[in-house]
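Please read the structure below before turning to the comments.
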Amino acid sequence: MSEGDATFIEIHKRFTEKGEWDKIITSLLERLNETGWVDSLRDKSKESARSMETLRFEKLMETLNPHAQGSVPEGVRAEFVEQIRKFLESQIQ
């Protein structure tokens, strides 16, 4: 295991043990829902699924992933990057 892998595992452990990860995910989902992102992605997924001759989950995910990541509102993205950064800083100090 590389040093980077070990660091990632330790950080992930701290996030989960302190309950911070659950708080961030819950808050993120609420904000994405408030901005209409969830509804937009749901509509896009239905549209994509209907257009597939043979519906395959893997193919649907390949189609939706770039759209999902690219359509997260910049303000929401920045807000959560800042929350993660603050938590990391509090763990390093």
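From a predicted model like this one, the values you see are computed outputs, not experimental measurements. The residues of the chain are indexed from 1 along the displayed sequence.
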Main-chain N/O of [Y] paired to [X] side chain as donor or acceptor, under 3.5 Å:
{"X": "Arg14", "Y": "Glu20", "result": "no"}
{"X": "Ser27", "Y": "Ile24", "result": "no"}
{"X": "Ser48", "Y": "Lys44", "result": "yes"}

Checklist entry - Can you list the steps and then say if Leu88 with Phe15 is a side chain to side chain contact (heavy atoms under 4.5 Å, CB included)? => result CA-CA 9 Å; Leu88 291 173; Phe15 264 110; 3.9 Å; yes
Next on the checklist: Could you check whether atom CD of Glu74 has more than 12 heavy atoms from other residues, nucleotides or ligands sitting under 6.0 Å from it?
Outcome noted: yes
Checklist entry - For atom CH2 of Trp21, is the number of surrounding heavy atoms from other residues, nucleotides or ligands below 6.0 Å larger than 12? => result no
Item to check | Full working for side chain to side chain contact (heavy atoms under 4.5 Å, CB included) between Lys18 and Gln91 | outcome: CA-CA 11 Å; Lys18 296 184 182 286; Gln91 297 303 301; 3.4 Å; yes
Rounded to the nearest 0.5 Å, how far does [atom2] of [Y] lie from [atom1] of [X]?
{"X": "Ile11", "Y": "Thr16", "atom1": "CD1", "atom2": "OG1", "value": "12.0 Å"}
{"X": "Ser90", "Y": "Lys86", "atom1": "OG", "atom2": "NZ", "value": "11.0 Å"}
{"X": "Lys59", "Y": "Thr63", "atom1": "NZ", "atom2": "OG1", "value": "5.0 Å"}
{"X": "Asn65", "Y": "Leu41", "atom1": "CG", "atom2": "CG", "value": "9.5 Å"}
{"X": "Phe8", "Y": "Lys13", "atom1": "CZ", "atom2": "NZ", "value": "14.5 Å"}

Looking at every heavy atom in both [X] and [Y], which two are closest together, and how far apart are they?
{"X": "Pro73", "Y": "Thr35", "answer": "CG-OG1, 3.8 Å"}
{"X": "Ser71", "Y": "Trp37", "answer": "OG-NE1, 2.9 Å"}
{"X": "Gln69", "Y": "Arg77", "answer": "O-NH2, 2.6 Å"}
{"X": "Ala49", "Y": "Leu60", "answer": "N-CD1, 3.9 Å"}

Item to check | Derivation of the side chain to side chain contact (heavy atoms under 4.5 Å, CB included) call for Leu28 and Gln83 | outcome: CA-CA 11 Å; Leu28 176 61; Gln83 283 184 16; over 6 Å; no
Checklist entry - Should Asp43 and Lys46 count as an ion pair when the cut-off is N to O under 4.0 Å? => result no
Item to check | Lys/Arg N to Asp/Glu carboxylate O, Glu34 vs Arg31, below 4.0 Å | outcome: yes
Next on the checklist: Would Arg85 and Glu82 count as a side chain to side chain contact (heavy atoms under 4.5 Å, CB included) here? Give the steps.
Outcome noted: CA-CA 5 Å; Arg85 186 186 65 72; Glu82 181 65 16; 2.3 Å; yes
Item to check | Cluster overlap Val76 with Leu29, hydrophobic side-chain contacts below 4.5 Å | outcome: yes
Checklist entry - Is Ile84 reachable from Leu32 through a run of hydrophobic residues whose side-chain heavy atoms are each under 4.5 Å from the next? => result yes
